[in-house]
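Any value given below was found using the heavy atoms of this structure, including those in side chains, with hydrogens, waters and symmetry copies removed. The chains referred to below are lettered A, B, ... by the order of the sequence lines, with proteins before strands, and numbering in each begins at 1.
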Amino acid sequence: MAKKSIKIRAKVKDDVVTVKALMTHPMETGARKDKSGELIPAHFIQEVTCEYGEKKVVEAQWSGGVSKNPYLSFKFKGASKGDKLTLSWVDNKGNSDTTEAEIR
Amino acid sequence: MMQINFKRRILLKSSLAAGAISVAAGAGLLTPRQVLAAWPTAAFNAKMVPEALQALLGEGNTETSADIKIKAPDIAENGAVVPVTISTGLTGVESIAVLAANNPVPLVANYTMGEGAIPFVSTRIKMGKSGDVVAVIKAGGKLYSANKGVKVTIGGCGG
């Protein structure tokens with residue numbers, strides 16, 4: 001899949017880590033038609049998982065109803081500066097991407 | 001000759017019926033596999049909010065809660081990108097589901113909260129037309145919900 005499809009930023013403040021992530025993905029619902037009237041096949045991220053130290057922090061399940069180039073933000077507790085977290089996604093075609101980010 | 005043809009019809013019919021039965025059995029076998037799959041296909045195919053909730057969380061009824069905050073624009077100029085932020089003061093939150101009531105497929109996203117997660121999610125969603133954004137939060141085994149109306153003016157003409 002595309003290289004570097006995830007942009008992520010994780011910041012810690014008062015023991016709360018705020019994660020903001022942007023993914024590059026067409027997020028086709030499968031209901032849209034192109035100019036010639038043909039249906040554009042569905043192609044969207046189904047699952048996004050964020051792990052911190054072997055533990056799942058947040059697991060998202062998405063439909064094609066999430067906007068193109070999806071943005072996701074969430075918060076969690078119990079991590080400190082310099083720790084690493086990983087974010088990965090899998091789409092309905094089996095493509096996936098994973099990235100690691102350092103908490104700042 | 002007629003006799004033979006007649007029998008042939010019967011044979012065809014019965015084999016068709018058998019075929020239908022095996023298809024049904026196949027579907028029956030498929031169901032548990034779908035349940036095991038992490039991505040809830042049935043919930044994401046449901047056309048109505050209660051149906052989607054039933055398929056996703058096993059219950060269609062929710063209790064309205066004032067403790068859920070939905071941050072979304074009152075008027076969204078572009079239905080393709082509607083920023084939605086959901087947060088709550090509820091404790092023991094297990095999952096947060098985001099639905100757009102008037103979308104062809106209402107269930108947009110479902111977030112499962114892991115250890116240490118704070119019940120807060122922010123995403124941008126698509127909305128086909130004006131309607132309610134519904135947040136459904138599962139906390140302590142119960143379902144709580146909140147709505148927020150969003151008016152979608154495609155093209156940004158302010159209609």
Side-chain angles (χ1 to χ4, degrees), chain A residues 12-23 25-32 42 44-80 83 85-94 103, chain B residues 37-47 49 52 55-57 71-72 76 78-88 93-129 131 133-134:
Chain A
V12 65
K13 196 186 175 189
D14 302 332
D15 195 36
V16 174
V17 182
T18 305
V19 184
K20 289 176 182 173
L22 259 178
M23 286 149 262
H25 204 277
M27 296 302 279
E28 276 304 338
T29 56
R32 248 159 42 102
F44 56 89
I45 295 176
Q46 286 190 314
E47 281 182 16
V48 183
T49 316
C50 179
E51 283 179 19
Y52 165 70
E54 317 266 297
K55 279 184 294 187
K56 269 184 195 172
V57 180
V58 170
E59 189 183 44
Q61 292 160 340
W62 282 352
S63 74
V66 174
S67 299
K68 184 180 172 180
N69 298 337
Y71 165 77
L72 170 66
S73 173
F74 55 88
K75 295 175 181 180
F76 70 99
K77 271 185 186 173
S80 42
D83 288 353
L85 60 82
T86 54
L87 189 107
S88 50
W89 59 257
V90 182
D91 71 14
N92 66 327
K93 290 186 178 174
I103 298 168
Chain B
W39 198 71
T41 313
F44 280 112
N45 283 336
K47 302 279 182 277
V49 173
L56 182 70
L57 303 159
K71 201 175 128 196
N78 184 357
V81 186
V82 182
V84 174
T85 303
I86 293 163
S87 57
T88 179
V93 174
E94 292 160 44
S95 71
I96 299 177
V98 185
L99 302 99
N102 285 345
N103 271 14
V105 180
L107 184 60
V108 173
N110 180 43
Y111 299 92
T112 310
M113 296 289 130
E115 214 174 307
I118 293 168
F120 167 97
V121 284
S122 180
T123 315
R124 296 192 295 221
I125 68 167
K126 293 176 196 163
M127 287 181 78
K129 51 185 167 183
V133 171
V134 185

Trainee: Evaluate the side-chain proximity of A/V16 to B/I118: yes if any heavy-atom separation is below 4.5 Å, no if none is.
Mentor: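 Yes, close enough: below the 4.5 Å cut-off.
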
Trainee: Under 4.5 Å from any heavy atom of chain B, what part of A/L22 do you find: side chain, backbone, both or neither?
Mentor: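 Side chain only.
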
Trainee: Taking every non-hydrogen pair under 4.5 Å, which of B/I125, B/V84, B/N110 racks up the most with chain A?
Mentor: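 Among the listed options, the one with the most contacts to chain A is B/N110.
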
Trainee: Side chain, backbone, both or neither: which part of B/A117 has a non-hydrogen atom closer than 4.5 Å to chain A?
Mentor: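 Its backbone and side chain both get close to chain A.
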
Trainee: Can you name the residues of residues 96-107 of chain B that have some heavy atom under 4.5 Å away from a heavy atom in chain A?
Mentor: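 Checking residues 96-107 of chain B against chain A gives B/L107.
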
Trainee: In the structure I gave you, are the side-chain heavy atoms of A/V48 and B/Y111 within less than 4.5 Å of one another anywhere?
Mentor: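 Counting from C-beta outward, A/V48 and B/Y111 never come under 4.5 Å.
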
Trainee: Can you tell me how far the CZ atom of B/R124 sits from the CG atom of A/L72, to the nearest 0.5 Å?
Mentor: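 B/R124 CZ to A/L72 CG: 11.0 Å, rounded to 0.5 Å.
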
Trainee: To the nearest 0.5 Å, how far apart are OH in A/Y52 and CD in B/E115?
Mentor: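 If I round to the nearest 0.5 Å, the distance is 11.0 Å.
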
Trainee: Measure the shortest side-chain to side-chain distance between B/P40 and A/Q61 over non-hydrogen atoms and say whether it is less than 4.5 angstrom.
Mentor: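 B/P40 vs A/Q61: side chains touch.
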
Trainee: As a quick check of understanding, evaluate side-chain contact (heavy atoms from CB on, under 4.5 Å) for B/T123 and A/W62, giving each step before the final call.
Mentor: CA-CA 10 Å; B/T123 315; A/W62 282 352; 4.2 Å; yes

Trainee: Could you look at A/K68 and say if it's the side chain, the backbone, both or neither that has a heavy atom under 4.5 Å from chain B?
Mentor: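 Contact with chain B is through the backbone of A/K68 alone.
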
Trainee: Could you report the tightest heavy-atom contact between B/F120 and A/K75, atom names first, then the distance?
Mentor: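 Closest pair (atom of B/F120, atom of A/K75, distance): CD2-CG, 3.8 Å.
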
Trainee: Quick check: do A/M27 and B/K126 have side-chain heavy atoms less than 4.5 Å from each other?
Mentor: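 SC-SC contact between A/M27 and B/K126 confirmed.
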
Trainee: Given that the side chain runs from C-beta out, which part of A/N69 has a heavy atom under 4.5 Å from chain B: side chain, backbone, both or neither?
Mentor: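 A/N69 touches chain B through backbone heavy atoms alone.
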
Trainee: Search all heavy atoms of A/S67 against all heavy atoms of B/V82 and return the closest pair with its distance.
Mentor: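 A/S67 and B/V82 have their closest heavy atoms at OG-N, 4.2 Å.
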
Trainee: Report yes if some heavy atom in the side chain of B/S122 is under 4.5 Å from a heavy atom in the side chain of A/F74; otherwise report no.
Mentor: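 The answer is no, as the side chains (C-beta and beyond) never meet within the 4.5 Å cut-off.
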
